[in-house]
Structure formats: C-alpha cells, structure tokens
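Have a look at the structure below, then the notes.
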Amino acid sequence: MKAFGLSALAVMFAAAFVAAPVQAQLSVDVTGEIDSNLKIVVPALPPQAEVSTPAGSSTELGRKIAEVIATDLKGSGLFDPSGPGGVPAIAFPEVTNPAYDKWGAYQALVQGFVRTTGGEADITVGCYLYDVALKQELTRQGYVVAPRDWRRAAHKCADAIYARLSGESPFFDSRIAYIAESGPKGNRTKRLAIMDSDGANHRFITNGQSIALTPRFSPDYKSIVYVSYLNNRVRIYVYDIGTGRQRLVTESNNPTFAPRWSPDGRNILFSMAVAGNTDIYRVPASGGTPTRLTTAPGIDVGGSYSPDGTRIVFESDRSGSQQIYVMNADGSGQRRISHGGGRYATPEWSPRGDLIAFTKISGDFKIAVMTPTGDNERILTNGWQDEQPTWSPNGRVLQFFRTTPGREGSSQVWQVDLTGVNERRIPTPLSGSDPAWGPLLP
C-alpha cells in the first residue's frame, strides 16, 4: 500500500483544492474523562467517476470504506460516529469544500473520495478531517491500494483521524493471530488463524490435524511463532506469512509452551518442564541449543520482553502461588513485583514500556494492568473468566479471550481500552482463544 500527501493530487481538484490551514484544537482525551464520545460524521466517499472493480463499483467502495472508518472510530470508545447510512450524501467537489452548515450537529467531519480506472487497476482513496465549528481542515491523507485491499485504506484513514484527534499512535491497520476452536470441550480442534484487528479478512493457517497454541507475530510482521502438539511431540514452529512455509525452531518430549519474540526478532523465549521443574529458556529464532534463564524450584512460565529488550517479565509460583517477576534479559536480577491479593498470570509488557498487563485470578479471572515496578494495579474487566491479554501496537487497547460459564465453556476474543469502560467482542467464525496483536502493518 502506498501512502501520500494529498497535496500531490491538487491538479485533480483545480481551484477547489487549497493548502491545509493551521490545525485547530479539536481533540479527545484517551482517558475518557474529557471530550470523549466526540460526535463525528462520516458520509460515503463519492467516486470521481462510476467504474467497476473486483471489489465492487467505485460508489459501493466509497460506502464500504466509510462504514469501516465509522466502525473503527466507534470501536475505539472515543467517538460517537454517524454515517454513512442515514446521513446526507456528498458530491465529489464537496470533498475539499465542505458544506459546513449541513453538519452543524457534529463536531468533526470526515470526507474523502475514491478514484480508479476500473478493473484490476489500483484505487486511490483520499481522506480528510475537518473541524465543523471552526470550519478548518485538520488533516488529509491518501492511499493507493489494490481493489482487494480497500479495507486497509479504510483502516489507515481511521488511524489518521484517531492519531490527529487523540494525539496517540494509531492501531487500526494491524492484525490479530489467535487460536480458532471447534468441537466438544474435551476434544477441541485448535487451529492457528489470523484476521484484521476488527475481525475481518479472516483465514486459517493450520488445518487442525495438530493442536496449535499461543501464537505471536514477529516484530517485522513476516512470521508467527506458535506451539504445535502432534503425536506426543511438542514443537515450536515459525510460520512465514508470505510463503506459507514453516520451519522448526525446537522440539521436545517435555511440555513446552508460551513462545515469545525478542524485540529485535533474533531470539524466542519459551517455557519447558523438565523433571518436574518448569523454567524459561531462550533459543535463537533460527533454531539451535536453548539457554536456560531461570533455575528456581517451581513453575516459571511466560516471558515477555520490555520494548528495549533489556528486561523480561514472567510468572512464577516459587513463592507458593502464581506471582509476577521481572529479570534482566540474561536471567539475572530476578525479583517479584506483584504483591496484591490473589494470583497473577500471563504478564505482557506494553509496547510503550509503561505498563504490564496480566490475568488477575481472585475468584474470577480478570484483565488488569500495573506499572513495571508493580504499582498502581488496576482491574479493567469484570468477566467470569477473562485471560491472556495482548496489547495493541499503540499500548492503549488490550485484546483477551473470555470463556463463558457452562459445561461447554466456549471462548471469544474481546477488547477493552485502558479506561476499562470501552469493551467489545471481536467477531470470529468459531470460538477463539490466545489472541496475539501484531504491530502496525508496514
């Protein structure tokens, strides 16, 4: 996908296209305390000309792109979007010359256009954000994509709006790896699957002949590491997304689980149980002899690197119950940081480095966060069994899986932001567990 500054397309709009004015002060607060649920309108993006593409007519694409933008913004919990259905349509010349009086009930206006010559030719999507009250343009972006990738252009547009109004890094144009589950509780088929951050463009990676668990995207988005169980052998594989090939990193007769990438992509952490003791190991991503990092009696599980790669957070029951510990990347300096009531599991370091997310077990299972020193613990969810948090690329949203009570206990992927207020389910064709949020797509 190619992105560009829309000023490069000035010739398309002639005198109607003017330079962007000084940015206004319209904004939202990511804490949800000030200016949240900003009213924003997203009319359908008009085409420059009506032509057909493999993804639909240019008019249809303009409507579908606007729908994805509005849905993304709604899902962030910061905006109250309207459109494209139920709001007035706009003509192509209005894209750069908004009829502000028509949108007086809203604080912000998103407009754009779709341009293509049809067939398999690339489509150009323009995206503009306006402050309605001040009648000022806030930002503009443009994207050139193949027709089949129109959703990426929509996510990119939503990202630009989110970043401009919140001051935060974007996260919509990203993907989730997770485990798709089917079958009875005692004999479930578990397949590796990937999808867009909103649940669209879903596809299965493995066929279910072996059990797949705990996937994680590589930092460069090219690969996924995961655990495979087949014929009593436990293997850690790296799956190449571009080629569809996979390679073996390590295998064992011993229980092996929870692989995690180092930030530079050179190493993989994993846990392995040997002679009744579970420890954390590091192995080169290309394979080789694992290095043991923990040696304390008990069960040491997980391992999530800090963004700078200097420290690792993990869980251990060496004190008598599951707690969270931090150590240096070489295994030295191990110390406990959790000291509240209950048990702590599945810690995951934020990509911003400011927080650690985890599963808090105190009766029910809940998603919570704390600082890397163990301070300011906050519970974000209140489900019956919420576990395995994974961070959005901007470190402001978490996905996790929620298991429903009952004999079958099906699981679904859910999302919550750091306010703990904006919670929603991510649609998947089957039950889902072990979500892993990747970085922004390149």
Side-chain angles (χ1 to χ4, degrees), residues 1-5 28 30 65 68-79 110 112 125 127 129 139-146 148-178 193-203 205 215-225 239-242 260-265 304-309 348-355 357 389-400 413 415-418 422 424 426 435-442:
M1 181 173 70
K2 179 181 178 183
F4 54 87
V28 294
V30 294
I65 290 170
V68 171
I69 294 169
T71 300
D72 279 351
L73 296 176
K74 179 72 173 178
S76 75
L78 300 179
F79 306 98
V110 176
V125 177
C127 179
L129 173 65
T139 191
R140 64 174 71 167
Q141 294 292 329
Y143 311 97
V144 178
V145 298
R148 67 179 180 276
D149 292 329
W150 64 269
R151 295 186 67 94
R152 282 208 65 195
H155 290 317
K156 282 291 190 186
C157 182
D159 274 336
I161 296 162
Y162 175 88
R164 172 60 187 86
L165 293 177
S166 71
E168 294 287 331
S169 300
F171 67 94
F172 298 120
D173 187 33
S174 55
R175 289 187 181 141
I176 308 295
Y178 80 103
I194 59 174
M195 59 185 176
D196 290 354
S197 63
D198 60 354
N201 289 329
H202 184 280
R203 67 187 176 104
I205 300 299
R216 284 297 184 274
F217 279 105
S218 62
D220 63 6
Y221 237 132
K222 294 180 180 179
S223 306
I224 298 173
V225 65
Y239 173 86
D240 187 291
I241 297 173
R260 301 288 186 268
W261 295 91
S262 62
D264 60 10
S304 170
Y305 279 96
S306 61
D308 62 6
E348 189 92 358
W349 218 306
S350 164
R352 297 169 64 105
D354 58 339
L355 293 170
T390 179
W391 290 97
S392 64
N394 69 350
R396 283 293 173 258
V397 181
L398 289 157
Q399 288 190 356
F400 58 96
V413 178
Q415 179 172 303
V416 67
D417 69 8
L418 286 180
N422 304 304
R424 69 186 182 107
I426 305 302
W437 210 324
L440 276 178
L441 284 164

| task | Considering non-hydrogen atoms only, spot the tightest contact between G395 and S350 and give its length. | result | CA-OG, 3.9 Å
| field | Step-by-step side chain to side chain contact (heavy atoms under 4.5 Å, CB included) determination, Y162 to E168 | value | CA-CA 7 Å; Y162 175 88; E168 294 287 331; 3.8 Å; yes
| message | If you define the side chain from C-beta out and look only at heavy atoms, does anything of M195 sit under 4.5 Å from N201? | response | no
| said: side chain to side chain contact (heavy atoms under 4.5 Å, CB included) for V413 and F400? Distances and angles first, verdict last. | reply: CA-CA 6 Å; V413 178; F400 58 96; over 6 Å; no
| Considering all heavy atoms of both residues, which atom of I65 and which atom of W150 are nearest to each other, and what is their separation? | CG1-CE3, 3.6 Å
| field | Residues that S304 engages under side-chain contact (heavy atoms from CB on, under 4.5 Å), provided they are two or more places apart | value | V313, E348, W349
| remark: For I194 and I224 the tightest heavy-atom approach is CG2-CD1, 3.5 Å
| Closest approach of S262 to P219 (non-hydrogen atoms, all atoms of both residues) | O-CG, 3.5 Å
| message | Testing the basics here: between D72 and A154, what is the closest heavy-atom pair and its distance to 0.1 Å? | response | OD2-O, 4.4 Å
| request: Any chance you could lay out the salt bridge (charged side-chain N to carboxylate O under 4.0 Å, His left out) test for R203 and D196, step after step, and finish with the verdict? | output: CA-CA 10 Å; R203 67 187 176 104; D196 290 354; over 6 Å; no
| Can you check whether K222 reaches I241 side chain to side chain, under 4.5 Å on heavy atoms? | no
| query | CG/D417 to CG/L398 distance, rounded to the nearest 0.5 angstrom? | reply | 9.0 Å
| task | For the pair D159 (side chain) and F171 (backbone), establish whether a donor and an acceptor sit closer than 3.5 Å, ignoring hydrogens and angles. | result | yes
| task | Measure the shortest side-chain to side-chain distance between I205 and Y239 over non-hydrogen atoms and say whether it is less than 4.5 angstrom. | result | yes
| task | For the pair M1 and K156, evaluate side chain to side chain contact (heavy atoms under 4.5 Å, CB included) and give the outcome as yes or no after the intermediate values. | result | CA-CA 10 Å; M1 181 173 70; K156 282 291 190 186; 3.0 Å; yes
| note | Scanning both residues in full, the closest heavy-atom pair of P393 with P170 reads CB-O, 4.4 Å
| request: Mark yes or no for whether Y221, through its side chain, and R175, through its backbone, hold a donor-acceptor pair below 3.5 Å. | output: yes
| query | Say you draw a straight line from OG of S197 to CG of L441; how long is it, rounded to the nearest 0.5 Å? | reply | 8.5 Å
| Do F217 and W261 touch side chain to side chain, with heavy atoms closer than 4.5 Å? | no
| task | Would you mind checking if R152 and D173 are paired as a salt bridge, meaning a charged N to carboxylate O distance below 4.0 Å? | result | yes
| Between OG on residue S392 and CD on residue Q399, distance to nearest 0.5 Å | 8.5 Å
| message | Are V125 and C157 packed together at the side-chain level, in the sense that at least one heavy-atom pair is separated by less than 4.5 angstrom? | response | no
| said: Is there a side-chain contact between I161 and I69 in this structure, where contact means two heavy atoms from C-beta onward sitting under 4.5 Å apart? | reply: yes
| task | Please indicate whether R148 has more than 12 foreign heavy atoms, meaning atoms of other residues, nucleotides or ligands, lying under 6.0 Å from its CZ. | result | no
| side chain to side chain donor-acceptor pair (under 3.5 Å) assessment of S174 paired with W437 | CA-CA 8 Å; S174 55; W437 210 324; 2.8 Å; yes
| Any side-chain heavy atom of V397 sitting closer than 4.5 Å to one from W391? | no
| query | Looking at residues at least two apart in the chain, or sitting in another chain, which of them share a side-chain contact (heavy atoms from CB on, under 4.5 Å) with R424? | reply | Q415, I426
| request: Using a 4.5 Å cut-off on heavy atoms from C-beta on, say whether the side chain of F172 contacts that of D198. | output: no
| said: Show, in sequence, the C-alpha distance, side-chain angles and deciding distance for H155 and Y143, and conclude whether the ring-ring contact (aromatic ring centres under 6.0 Å, His included) test is met. | reply: CA-CA 11 Å; H155 290 317; Y143 311 97; over 10 Å; no
